[in-house]
Protein chains: 2
Amino acid sequence: MSVTIKDVAKKAGVATSTVSRTIQDSPSISEKTKQNVRRVMKEIGYRPNLTARGLVNQTTQTIGVILPVSQGQAFQNTFFLSMIRGISKACNEKKYMVSIASGTTEEELLESIQTMAEGGRVDGFIVLYSKKDDPIIEYLHQEKVPYAMIGKPYKYENEMLYVDNDNITAGKDAANYLLQLGHQKIAFIGEDTKQMVIRERLKGYAQALEDAGLQVDQELILDVTLSEAAYRKKMQQLFGNGDFPTGIVASDDLIALNMSYLLSSFGLKIPTDVSIIGFNNSIFAEKSQPELTSIDLHTDSLTSQTVYQLIELMEGKQTLAVKIILPHQIIERQSCKRKVE
Amino acid sequence: MSVTIKDVAKKAGVATSTVSRTIQDSPSISEKTKQNVRRVMKEIGYRPNLTARGLVNQTTQTIGVILPVSQGQAFQNTFFLSMIRGISKACNEKKYMVSIASGTTEEELLESIQTMAEGGRVDGFIVLYSKKDDPIIEYLHQEKVPYAMIGKPYKYENEMLYVDNDNITAGKDAANYLLQLGHQKIAFIGEDTKQMVIRERLKGYAQALEDAGLQVDQELILDVTLSEAAYRKKMQQLFGNGDFPTGIVASDDLIALNMSYLLSSFGLKIPTDVSIIGFNNSIFAEKSQPELTSIDLHTDSLTSQTVYQLIELMEGKQTLAVKIILPHQIIERQSCKRKVE
DNA sequence: ATATTTAAAGCAATCGTTTGCATTAGCAAA
DNA sequence: TTTGCTAATGCAAACGATTGCTTTAAATAT
């Protein structure tokens, strides 16, 4: 088989405990012995067996990432993959590993989470979505499995760890930015207005309009997950005639980008005819033409903070239900312009 | 802490070995005893500790998924996430778990793969990309770690397990389809022509043109990963005047979709002015307007086949270096039309 | 009734680590 | 020299399962 701690011990002429202690750089082993042991380890290519270590330590150094049961929805993709990537990165740094939990049905997902948790395969979980009456959250909470959420919890808000942006204010800021540029008729385009994030941004958008003494017009709110046909129809209604919105708050850069393509098919140009602002300050925002004004949400910190905090929690160093709200920031580029009367 | 096999044994009044054997439904335990033990297990909520089991079995029932070191590239996203989802699904079914291996640099990725493999955290890997002179592949191969690739290997093609489509033929078929509809000036739009998949589709496209006695014009080949500015300029060149291509082979449905938006900004309509065919037969293809003709690559089978084969390999039931080439199929919808002279 | 076979269950070693406690060696103090 | 410390190492018992082998008990054959 592979080389074990015993092989190292034998070759170095010491006990396995000594090897184990030099791995941990324990002060009770003399520097001379340590060096010798380290040399042997390198020589015969030893790597500790994490399973064995996990068995005695009752810890696995791995974090489970919970994806929502797949709904085949379009633009979420970008989000989840970048979350996985970010979590992965932060975990690497902390010498943790990451496992994926997903399922076709909710029951399947729960079952798989239970095996992972109670089977001792992970030390804790990061939940990448938020929904009402979620049995998964219920389970994690009841069983006191360490977990963190990226996003805003529906329940247990004051009893759990989560990392999020202030999406209401972010939405408000986006709308205000356009208002302040003189736009009055401002549309909101969201990927899936059932999602918590989008709802919050929408809420902020509505607040900003109200605060400015404007009426919130449901006709100006579009849900991209409508069937393509319905969506096109609404687009036609909105932009097919002279009285079109001159400002758009798009819930995501990709949506904004798509809008800009769509608008050109109506003969409208950005920012000359329409100003548009997106969220995420993604790579698309910088690279598109014209460059897109976008709200930076520090998504990198979203993942890294979550990982760090969760690790604290799992290692018992931290038992408080911290919530971390990351700041946002408008990155001004070329897609918004003062309205000319 | 949590309930172990000993607790079950004690409560049921049997030895741990008996409990272990009833879990495995061994015939050497009487039905009566088994039922009693099962009752107790349920009663006290026992779940086997996978770490302990892994230690004795020298197996972990988990598959590592290797993502490429992130290049921040756009449209790949869709692909990787759907692969992760698919693998996850197939693994669930087979009672396997999935771990993610990723890294910021190649060294980091390799290191993390080594800890996973030699630390006994995974039984094997699925590699989600293919590149030249890849140290990761080199490592897996030298160390005889079980692995499979989704896509076409650069090296060891005859010594390893991989699952792929015949992308050359697929590309050829796409182009032929347009040729056969009477189109002569056909463009190829790819996400990143350095990728193996895209290169193969491009190759097929070129072959089809040559077979039809047409010259392959480099001006008609576009790489979406060009800087936005350069890309727009090329688009302008291609579609900004009367002599535009009337057929487009797009390396992905999303690309095709974007093209269709872009074309409308040039006042061109699909399929009236331009016919377009995509790859993947994704949800976008069905939902877009007009519905998109696309080549179905059976991506679900791509992941499930890979998982099944890899499991066979890991469990030692299969030692041959199988390669599985999945068929493809043109799904005709509304985005292509016979050219009118 | 005794010997033989077989079915069912238990014993104890094992997987590769970690860690509390015991042991040893080396040296200074008495 | 003997005693007492301390620093450095080793011993062996965990961790929670699995499994080869032994034992027990029951059933069958003689």
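Numbered from 1 within each chain, the chains take letters A, B, ... in sequence-line order. Only heavy atoms go into these numbers, but all of them, side chains included; no hydrogens, no water, no symmetry mates. Here the structure is a predicted model, which is why all the values come from computation and not from measurement.
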Classify the ring geometry between B:His141 and B:Tyr147 as parallel (under 30°), tilted (30 to 60°) or perpendicular (over 60°). perpendicular

Counting any heavy atom closer than 4.0 Å, what does [X] reach on the DNA or RNA strands: base, sugar-phosphate only, or nothing?
X       : result
B:Ser20 : base
B:Gly13 : sugar-phosphate
A:Ser17 : base
A:Thr33 : sugar-phosphate

How far does NZ of B:Lys94 sit from CD of B:Glu312, to the nearest 0.5 angstrom? 7.5 Å

Is there a donor and acceptor pair closer than 3.5 Å between the side chain of B:Arg21 and the base of D:dG20? yes

Side-chain-base donor-acceptor pair under 3.5 Å for B:Thr4 and D:dC15: no

Could you check how far NZ of B:Lys6 sits from P of D:dT18, rounded to whole Å? 13 Å

Assert: residue with more 5' nearest nucleotide on DNA chain D, out of A:Thr16 and A:Ile29, is A:Ile29

Can you check whether A:Thr18 has a side-chain N or O nearer than 4.0 Å to OP1 or OP2 of D:dG10? yes

Phosphate OP1/OP2 of C:dT18: any A:Gln58 side-chain N/O under 4.0 Å: no

Counting side-chain heavy atoms from CB outward, which of C:dC11, C:dA9, C:dG16 is closest to B:Leu55? C:dG16

